[in-house]
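For ligands, and for the atoms within them, numbers begin at 1 and follow the listed sequence.
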Amino acid sequence: MKIGTIVHRVVSCSSTNDLAKKKAEKGVAEGTVIIAEEQTKGKGTKGRNWYSAKNMGLYASAILYPENPDISLLPLMAGLAVKEAIAESLSVSVGLRWPNDLLWEEKKLGGILCESDFVGNRLNYVILGIGLNLYHDPEDFPEEIRPLAASLKMVTDLEINEERLLRSLWKSLSRWYRLFSQGQSIKIAHSYERNSLLRPGQKLKLENEKGEFTGVYRGIDQRGGLILEEKGIRKSYFSAQIKAIIHA
Ligand code: BTN
């Protein structure tokens with residue numbers, strides 16, 4: 001199965017993820033992608049907005065029907081694919097911050113929003129949403145996110161060839177998704193661990209809806225969870241945010 005063989009381009013929509021959901025409900029082919037020039041209600045993780053000005057970024061959603069309902073590795077897998085595509089097409093090495101951020105020097109360059117639909121225990125579909133800032137100058141970002149945001153234009157002097165970037169992205173995403181479908185989760189988790197900005201042994205503060213947790217980072221488990229050791233006990237976190245890396 002190849003992602004990106006069928007690509008629907010729209011000028012404007014509220015969110016490519018929402019448009020992709022409608023297509024998935026109709027049962028379109030797996031790997032179909034929706035790309036929009038702009039989103040009027042682009043969605044980020046944790047109910048945030050994703051700033052999606054016209055022709056400034058990549059706003060894309062891929063429709064997947066995984067057999068395995070354990071899909072927590074998919075955002076990590078997509079992050080790896082985007083990182084690879086940027087390296088291949090622009091020779092820029094971007095950072096991965098667990099679980100779904102693409103960073104340039106601590107500024108946000110892109111992110112992944114993975115949404116799924118279950119009927120009981122049965123997984124109906126997954127929408128893999130990818131947002132990547134391409135052409136912004138700093139002043140193009142709204143003031144409130146300006147200090148925290150970057151675009152590819154801000155980090156490379158090379159001209160951004162979107163066609164080439166997308167070709168690399170579909171190739172890379174298809175390869176990683178094949179591994180996921182073959183059950184090679186450990187390979188994906190190890191690759192994420194090697195490519196992420198965190199190093200095992202670092203002290204971290206995580207936050208989730210239950211509170212803040214401080215411990216030592218011990219890697220990524222095969223379901224994509226972040227392993228944190230607190231008072232000698234290791235626990236995997238799935239839905240959490242890294243609040244700080246604590247340097248001794
Ligand atoms: C994040 O918060 O880091 C995730 C951002 C994901 C944004 C992309 S843009 C394409 C797709 N459609 C959306 O509404 N969101 C995702």
Please give the N or O to N or O pairs under 3.5 Å between ligand 1 and the protein, distances rounded to 0.1 Å.
residue	atom	partner	partner atom	Å
ligand 1	2 (O)	Thr45	N	2.8
ligand 1	2 (O)	Thr45	OG1	3.3
ligand 1	3 (O)	Lys108	NZ	2.5
ligand 1	12 (N)	Thr16	OG1	3.1
ligand 1	12 (N)	Gln39	OE1	2.9
ligand 1	14 (O)	Ser15	OG	2.8
ligand 1	14 (O)	Gln39	OE1	3.4
ligand 1	14 (O)	Lys43	N	2.7
ligand 1	15 (N)	Lys43	O	2.7

Close side-chain approach of Tyr135 and Met154, heavy atoms under 4.5 Å: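 Sidechains of Met154 and Tyr135: no contact.
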Heavy atoms only: give me the nearest Leu90-Leu158 pair and the separation to one decimal.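 Looking at all heavy atoms of both residues, the closest pair is O-CD1, 3.5 Å.
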Mind telling me whether His136 and Phe141 have parallel, tilted or perpendicular rings, with 30° and 60° as the class edges?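 Plane angle under 30°, so parallel.
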Can you run down the ring pair (Phe, Tyr, Trp, His ring centres under 6.0 Å) pairs that involve residues 53-110, sequence neighbours left out, and say none if there aren't any?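 As it turns out, there is no ring pair (Phe, Tyr, Trp, His ring centres under 6.0 Å) pair with a partner in residues 53-110 once direct neighbours are skipped.
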Is there a donor-acceptor pair under 3.5 Å between the side chain of Ser52 and the backbone N or O of Trp50?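 Flag set: sc Ser52 to bb Trp50 pair under 3.5 Å.
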Does atom NZ (Lys23) have a neighbourhood of more than 12 heavy atoms from anything else shown, all under 6.0 Å?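 Open.
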